[in-house]
Amino acid sequence: MTVAVASIHLPDEAATLACGHHLARAIHEKGVIYIEGDLGAGKTTLCRGILRGLGHRGAVKSPTFTLVEPYEMGDLRVYHIDLYRLSDPEELEYVGIDDYFSIDGLCLVEWPEKGVGYLPTDDLWIRLEVADKGRLLTWRSDSSLGEEMSRKLGGSKLNT
């Protein structure tokens, strides 16, 4: 497997949403995507763009307090997971986190570093950072599925 790493600049929230929409085209309706970044970096905005790009038309709220927000679009299941409020990764055992990763669906995980040791390996890792009055989005493939996604991303115009 070749690990692909790439970055793009996103000037504003609209570009972050559009980027998520383009990411949706590269995602295979299954897999694990880690999304890292500081508070306010745009993680939930990116997830909102991904979900809308996959066909979700309703509201997309941050699962900070609920931990997991499930979405179903036809046969597609997406779990938007936010581990920000997690005190200890062991807490994931008590909420049945394995159930979300055992289905044939897509898991978008914000703050994955808070679940180290209890989360499966990601397919695609994304980091958002505040930079130059916008955001810098960096991604890396960490599996053969992630490599395929990354190839598709490399050929798309993410920041348009």
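The structure presented is a predicted model; accordingly, all values stated were derived computationally and were not measured.
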- Query: Nearest 0.5 Å, what's the CZ-SG distance between Phe101 and Cys107?
  - Reply: 4.5 Å

- Message: Donor-acceptor pair, distance only, cut-off 3.5 Å: does the side chain of Asp132 make one with the backbone of Gly134?
- Response: no

- Note on the structure: Which of Leu108, Leu119, Ile97 passes side chain to side chain contact (heavy atoms under 4.5 Å, CB included) with Ile81? It is Ile97

- Which distance, rounded to the nearest 0.5 Å, do you find between the NZ of Lys114 and the OH of Tyr84? 6.5 Å

- What one should report as the nearest heavy-atom pair of Ile35 and Cys47 is CD1-SG, 3.4 Å

- Query: Would Glu129 and Arg135 count as a salt bridge (charged side-chain N to carboxylate O under 4.0 Å, His left out) if you check the C-alpha gap in whole Å, the side-chain angles of each, and the deciding distance to 0.1 Å?
  - Reply: CA-CA 5 Å; Glu129 299 174 82; Arg135 303 294 184 262; over 6 Å; no

- Item | Qualifying residue for side chain to side chain contact (heavy atoms under 4.5 Å, CB included) with Leu128, from Asp38, Thr138, Leu10 | Leu10

- Using the six-membered ring wherever Trp is involved, compare the ring planes of Tyr71 and His56 and label them parallel, tilted or perpendicular (cut-offs 30° and 60°). perpendicular

- Message: Does Glu13, at its CD atom, have more than 12 non-hydrogen atoms belonging to other residues, nucleotides or ligands within less than 6.0 Å?
- Response: no

- Mind checking whether Leu137 and Ile126 have side chains closer than 4.5 Å, heavy atoms only? yes

- Query: Considering residues, nucleotides and ligands other than Arg77, do more than 12 of their heavy atoms fall under 6.0 Å from its CZ?
  - Reply: no

- Look at the side chain of Lys43 and the backbone N and O of Asp82, then say whether any donor-acceptor pair between them is shorter than 3.5 Å. no

- Message: Between Tyr34 and Trp125, is the ring centroid distance below 6.0 Å?
- Response: no

- Query: When you measure from the side chain of Glu148 to the backbone N and O of Ser144, does any donor-acceptor pair fall under 3.5 Å?
  - Reply: no

- Query: When rounded to the nearest 0.5 angstrom, what is the spacing between CD in Glu91 and CD in Glu93?
  - Reply: 11.0 Å

- Message: What's the separation between atom CZ in Arg48 and atom NE2 in His21, rounded to the nearest 0.5 Å?
- Response: 13.5 Å

- Task: Can you measure from CD1 (Ile50) to CG (Leu23) and round to the nearest 0.5 angstrom?
- Result: 5.0 Å

- Query: Could you state the interatomic distance from OG (Ser150) to CZ (Arg140), rounded to the nearest 0.5 Å?
  - Reply: 11.0 Å

- Over all heavy atoms of both residues, which pair between Val109 and Pro112 is shortest? Give the atoms and the distance, please. O-CD, 3.6 Å

- Task: Keeping the roles fixed (side chain from Asp123, backbone from Val32), state whether a donor-acceptor pair exists under 3.5 Å.
- Result: yes

- Query: Does CG in Asp88 sit with more than 12 non-hydrogen atoms of other residues, nucleotides or ligands closer than 6.0 Å?
  - Reply: yes

- Please name the pair of heavy atoms, one in Leu92 and one in Gly115, separated by the smallest distance, quoted to 0.1 Å. CD1-CA, 3.8 Å

- Donor-acceptor contact present, side-chain Ser141 to main-chain Ser143, <3.5 Å: no

- Note on the structure: In terms of heavy-atom contacts, Thr16 and Gly42 come closest through CG2-O, 3.9 Å

- Task: Please confirm whether the backbone N or O of Glu69 pairs with a side-chain atom of Thr66, one donor and one acceptor, at under 3.5 Å?
- Result: no

- Query: Is the side chain of Arg57 donor-acceptor paired with the backbone N or O of Arg52 at a distance under 3.5 Å, no angle test?
  - Reply: yes

- Note on the structure: Shortest non-hydrogen pair, Asp12 vs Ala15, comes out as OD1-N, 2.8 Å

- Message: Determine whether Leu54 and Val78 satisfy the following criterion, side-chain contact (heavy atoms from CB on, under 4.5 Å), listing intermediate values before the conclusion.
- Response: CA-CA 9 Å; Leu54 292 171; Val78 180; 4.0 Å; yes

- Query: Which heavy atom in Trp111 sits nearest to a heavy atom in Gly37, and how many Å separate them?
  - Reply: CH2-O, 3.5 Å

